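Step one of this worksheet: look at the structure below.
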Amino acid sequence: MKKHQPFETWILLDEPLAPEQAQLLNAHLKTCEACHALRAAWGRVDAMLQETPTLEPAPGFVTRWQAQLSQQRSLQRYARQRWQSWITLILIANAVSAFAVLLGWQVFNSFSSLTEILILLVQRATTFITVVNVFQNLFAVAFRTLPGLLPPAGWAVVAALISIGSLIWVISLSRLARMRWRTQ
Amino acid sequence: MNDNEAIWLASARAGDDEAFTYIVEAYQKPVFSLCYRMLGNAGDAEDAAQEAFLRAYKNLNRYDPERSFATWLLSIASHYCIDQLRKRRLTTFSIDDEQHDWWQPPDPGPSPEIRLVNDEKQAQVQQLLDTLPQKDRAAMILHYWYDHSYEEIAESLSLSVSAVKSRLYRARRALAEQYQTMDAQMLESQNTERTPYEKTPAF
């Protein structure tokens with residue numbers, strides 16, 4: 001390897017050689033087959049590199065870039081919204097927990113003993129069960145009397161009206177949601 | 001950088017997407033070409049070029065207007081391609097080198113014969129470049145296709161000027177040797193093809 005130096009370096013150098021260096025190199029190339037082959041090979045590669053033109057992307061590169069940018073922006077917006085939703089949820093949960101703890105503390109302090117609390121709880125439960133019972137009786141009476149008030153066709157019309165109303169409500173809600181999503 | 005570019009860049013930095021679109025239009029060819037030379041196929045080159053522009057747009061506030069925008073942009077593209085090549089080396093599955101259907105090479109204009117020769121040359125150049133290590137390849141591409149000075153290459157690839165010089169020297173040597181090997185293989189295969197005929201009595 002050493003015997004080819006500095007000729008190899010001169011062959012592959014990107015800068016012009018001094019006249020004496022060029023002379024020495026030419027003399028060496030006449031006798032050294034390896035250096036001669038290296039220079040020929042590099043000459044061809046260099047020519048190929050110079051001749052090969054710059055490549056072009058497929059038409060519509062800019063449009064595709066714009067689409068990618070807008071897609072990335074949507075993803076970022078979505079991620080930001082999700083993050084904001086989580087923060088809001090955590091804040092609400094914390095506020096509710098704090099409120100519950102405070103309320104519990106106040107309720108506990110307003111009673112002198114645990115027995116008093118238990119008695120109050122039993123009273124509230126009894127009231128609740130009584131109210132439920134009253135409503136149950138009311139509904140039972142209504143179910144017995146209402147069918148006689150309207151003929152079956154009338155009930156069908158009422159059911160149809162309720163269904164149509166629900167459908168209109170659902171469609172309006174979904175359209176409003178879609179409009180909001182588009183404007184974002 | 002011309003005056004228009006300076007205006008587009010200033011507007012883009014102020015958040016004007018449309019202004020940056022002009023930059024993409026102006027630089028799509030050099031960025032894509034660099035990515036193609038680095039990655040070796042049109043599909044990956046398209047993805048890399050798109051990503052390079054996105055990264056440039058996102059980091060536009062970090063760009064120093066005193067420096068060349070082209071050098072800065074090509075540096076982003078080079079680094080991205082180097083990362084991709086590193087990742088590719090880590091993957092064990094084979095890489096699909098086929099060209100995408102939607103990608104058409106630029107129409108060189110001349111006849112199909114000349115086009116064929118050009119395509120062969122392109123393929124040969126790519127084959128040679130693919131043998132180089134990532135940073136050497138990037139240095140060669142920036143030097144040969146973009147006329148970048150040693151200083152610009154050093155800046156783009158985060159290397160010292162002397163490292164760039166030695167990498168370029170090493171790359172030239174590797175390319176010349178690879179070319180010699182390819183040439184020898186081609187001669188050998190031509191000889192093998194010819195042999196059966198030469199053995200027949202007619203020859």
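All values below were derived from every heavy atom in this structure, side-chain atoms included, with hydrogens, water molecules and symmetry-related copies excluded. Since we're looking at a predicted model, the values are computed, not measured. Residue numbers start from 1 in every chain, and the chains themselves are labelled A, B, ... in the order their sequence lines are given, proteins ahead of strands.
Looking at residues two or more places apart in sequence or on another chain, you find a ring-ring contact (aromatic ring centres under 6.0 Å, His included) between B/Y22 and B/W8. In this structure, B/E152 has no salt bridge (Lys or Arg N to Asp or Glu O under 4.0 Å) partners at least two apart in sequence or on a different chain.
When all heavy atoms of A/L69 and B/Y57 are compared, the closest pair comes out as CD1-CD2, 3.7 Å. Scanning all heavy atoms of the two residues, the minimum distance from B/R37 to A/P53 falls at NH2-O, 2.9 Å. The two residues A/L12 and B/R172 come nearest to each other via the heavy atoms O-NH1, 2.8 Å. Heavy atoms only, all atoms of each residue included: A/L49 and B/Y144 are closest at CB-CD2, 3.9 Å.
In this structure, chain A has no heavy atom under 4.5 Å from any part of B/Q178. In this structure, the portion of B/L128 lying under 4.5 Å from any heavy atom of chain A is its side chain and not its backbone. Neither the backbone nor the side chain of B/A45 comes within contact range of chain A; no heavy atom of the residue lies under 4.5 Å from a heavy atom of that chain.
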Show me the donor-acceptor pairs, under 3.5 Å and distance only, between side chains in residues 150-166 of chain A and residues at least two apart or in other chains.
residue, atom, partner, partner atom, Å
A/W155, NE1, A/L150, O, 3.4
A/S163, OG, A/A159, O, 2.8
A/S166, OG, A/I162, O, 2.8

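The neighbour count for A/Q76 CD, taken as heavy atoms of other residues, nucleotides or ligands under 6.0 Å away, is above 12. Annotation: A/Q23, atom CD; neighbour count of heavy atoms from other residues, nucleotides and ligands within 6.0 Å does not exceed 12.
Between chain A and the residues B/F20, B/Y146, B/W145, B/Y169, the most heavy-atom pairs under 4.5 angstrom are made by B/Y169. Chain A forms the most heavy-atom pairs under 4.5 Å with one residue out of B/K29, B/K165, B/E51, B/Q180, and that residue is B/K29.
Here the CD atom belonging to B/E18 is positioned 6.5 Å from the CD atom belonging to A/Q66, to the nearest 0.5 angstrom. Taken to the nearest 0.5 Å, the CD atom of B/Q50 stands 6.0 Å off from the CZ atom of A/R64. Taken to the nearest 0.5 Å, the CG atom of B/L54 stands 5.5 Å off from the CD atom of A/Q68. To the nearest 0.5 Å, atom CZ of residue B/F32 and atom CG of residue A/L55 are 6.5 Å apart.
Side-chain atoms of B/T21 and A/W65, non-hydrogen and from C-beta on, do get closer than 4.5 Å to each other. Side-chain contact check for B/L175 versus A/M48: every heavy-atom pair is 4.5 Å or farther apart.
Taking the six-membered ring where tryptophan is involved, the planes of B/F53 and A/F61 are perpendicular, since the angle between them exceeds 60° and thus also 30°.
Using a 4.5 Å cut-off between non-hydrogen atoms, the part of residues 29-47 of chain A that approaches chain B consists of A/A37, A/L38, A/A41, A/W42, A/R44, A/V45, A/D46.
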